Amino acid sequence: MASMDFLNTAEPVKAPVVRNIPAAEKPTLIGLSREDMGRALVEKGVAERQVKMRVSQLWHWLYVRGVSDFDDMTNVSKDMREMLKTHFTIARPEIVDEQISNDGTRKWLMRFPARGAGRPVEIETVYIPEEGRGTLCISSQVGCTLTCSFCHTGTQKLVRNLTAEEILSQLLLARDRLGDFPDRDTPAGAIVPAEGRKVSNIVMMGMGEPLYNFESVKTALLIATDGDGLSLSKRRVTLSTSGIVPEIYRTGSEIGVMLAISLHAVRDELRDMLVPINKKYPLKELLDACRAYPSLSNARRITFEYVMLKDVNDTLEDAKLLVQLLKGIPAKINLIPFNPWPGTNYQCSDWEQIERFADFINQAGYASPIRTPRGRDILAACGQLKSESERMRKVERMAFEAMMIVGHGEDD
């Protein structure tokens, strides 16, 4: 960092004398756009002529170096650091629990301030290591409003939206814990990609419906894909929605990341039951929005998620209708073996039936990988995320997880 030492020569900031604000009450700099960060600095006494340079400094330390303490910003003057510590925070969220599956999947339970919810809130974030890539599944809400009947997360009522900072902090914390920032060590024994970034892909597929929290999700993803910071390729960022049609158009024009649709049914009457938002935005409207998504091609396909439910949506007739529905849309169809959770009335389709379904779709010209169940033993698989305040009592949960390990260990 010696090449940036000249920045220490800028005139010092004269911070006003203020009371010592507790960290939990301080506004954060994480999740602010460059413009908003500049305005925040000006409000605290930074000269207008310094703002662009100061924002560039902070952006580098937050998103390239990954620091979470102002004192680690070694090329920032002491007076400036003191002002920042007085008025702002860049602290990571509290980790309530970290679980590691026997397949290397990691799940973090994070706690954030109440911010209108009445008490602190908790969300889950999941990291899935694979050959050549590591995918982080990020939450956008505490709970969910959509009540999809097969989804465990959907049984938790919506508590509140996450802020842009809380969405982005999930990525920062995961990179911290995996040693994915410069000069950081990967934990001994961690299962991570052999080369490149530990977190190479992110998916907005955790708790909540991202498009019901559009502005915060947009801000967080634009920062995550900023070329001068975290610098994730937009082709490696996927936003999954149950079908909020107006915001799908906005996602394409304002964010530009890859799109995934939680489809799960090929008839409106069945999808009305499985994914109730279908009553507001039925299949025709949803698929019209998909066809209009910008820059679609065989290299930029929409992913359609399809959970396989025994005797519900898994017949060859369903497969035929699926192919007809998606005609003309560059698409990939992810078939997801249903992950059971306490209290569900659904069962996973038989493996032979899933393979027959996949074979038909493949023969029709669509890629249809069968998603390998991951993190089942720590309830980190698709549709299983749910925060601690709504979860089973610990003894019941541990008993259920032990049952899951015995019953499905060979799948992991």
Side-chain angles (χ1 to χ4, degrees), residues 92-112 121-131 133-144 148 150-156 162 166-180 186-187 190-193 197-210 217 220-221 224 232 236-241 260 262 303 305 307 334 336-341 371-391 397 400-401 404-405 408 411-412:
R92 299 288 189 258
E94 175 187 355
I95 299 177
V96 179
D97 191 25
E98 179 177 20
Q99 293 178 275
I100 304 175
S101 170
N102 54 26
D103 63 20
T105 298
R106 288 175 179 250
K107 182 172 73 172
W108 295 281
L109 181 68
M110 302 181 196
R111 180 174 293 149
F112 294 109
V121 298
E122 296 170 355
I123 59 94
E124 289 181 334
T125 304
V126 173
Y127 173 73
I128 303 171
E130 300 174 83
E131 183 67 32
R133 61 191 245 164
T135 301
L136 189 69
C137 182
I138 293 177
S139 295
S140 58
Q141 296 179 309
V142 185
C144 188
C148 298
F150 57 88
C151 180
H152 192 210
T153 309
T155 64
Q156 179 183 349
L162 295 178
E166 291 166 336
I167 294 168
L168 200 59
S169 286
Q170 296 171 64
L171 173 58
L172 298 178
L173 185 144
R175 293 193 65 187
D176 281 345
R177 301 292 292 181
L178 295 166
D180 201 26
T186 301
I191 299 176
V192 294
R197 291 185 171 191
K198 312 298 185 295
V199 180
S200 61
N201 297 59
I202 60 176
V203 291
M204 297 298 305
M205 294 182 184
M207 295 170 61
E209 165 54 63
V217 168
L221 292 186
L232 283 167
R236 289 180 173 265
V237 177
T238 301
L239 185 149
S240 177
T241 176
S262 295
T303 299
E305 308 283 355
V307 65
N334 268 358
I336 307 171
F338 175 64
N339 290 299
W341 45 268
R371 181 178 291 176
T372 304
R374 301 293 300 272
R376 279 182 165 183
D377 53 311
I378 58 171
L379 285 182
C382 284
Q384 290 184 319
L385 303 190
K386 193 171 182 184
S387 63
E388 188 72 21
S389 59
E390 292 286 330
R391 198 180 300 174
R397 186 175 77 255
F400 176 76
E401 289 173 359
M404 292 294 294
I405 294 170
H408 298 277
D411 291 342
D412 294 326

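Keep in mind it's a predicted model, so treat the numbers as computed, not measured.
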Pick one: which of Leu172, Leu232, Leu136 meets side-chain contact (heavy atoms from CB on, under 4.5 Å) with Val199?
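One option only clears the test, and that one is Leu136.
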
Test Cys137 against every option in Thr125, Val126, Thr105 by the side-chain contact (heavy atoms from CB on, under 4.5 Å) rule and name the one that passes.
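The single option meeting the side-chain contact (heavy atoms from CB on, under 4.5 Å) with Cys137 is Val126.
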
For the residue pair [X] and [Y], establish whether any side-chain heavy-atom pair is separated by less than 4.5 Å.
| X | Y | answer |
| --- | --- | --- |
| Lys198 | Tyr127 | yes |
| Gln141 | Glu209 | yes |
| Glu166 | Pro93 | no |
| Arg106 | Arg177 | no |
| Ser240 | Ser262 | yes |
| Val237 | Leu221 | yes |

State, to 0.1 Å, how close [X] and [Y] come at their nearest heavy-atom pair, and which atoms those are.
| X | Y | value |
| --- | --- | --- |
| Ile167 | Ser139 | CG1-O, 3.9 Å |
| Met204 | Leu239 | CB-CA, 4.0 Å |
| Ile202 | Ala224 | CD1-CB, 4.3 Å |
| Gly208 | Ser140 | C-OG, 3.8 Å |
| Arg92 | Asp176 | NE-OD2, 2.5 Å |

Nearest 0.5 Å, please: how far is [atom2] in [Y] from [atom1] in [X]?
| X | Y | atom1 | atom2 | value |
| --- | --- | --- | --- | --- |
| Glu94 | Phe112 | CD | CZ | 10.5 Å |
| Glu305 | Met205 | CD | CE | 4.5 Å |
| Glu130 | Asp103 | CD | CG | 10.0 Å |

Quick check: does any side chain N or O of Glu122 sit under 3.5 Å from a backbone N or O of Leu109, one acting as donor and the other as acceptor?
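No; judged by distance alone, with no hydrogens or angles, the pair does not exist.
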
For a side chain to side chain contact (heavy atoms under 4.5 Å, CB included) check, start with the C-alpha distance between Ile138 and Leu171, then their side-chain angles and the critical distance, and finish with the verdict.
CA-CA 8 Å; Ile138 293 177; Leu171 173 58; 4.3 Å; yes

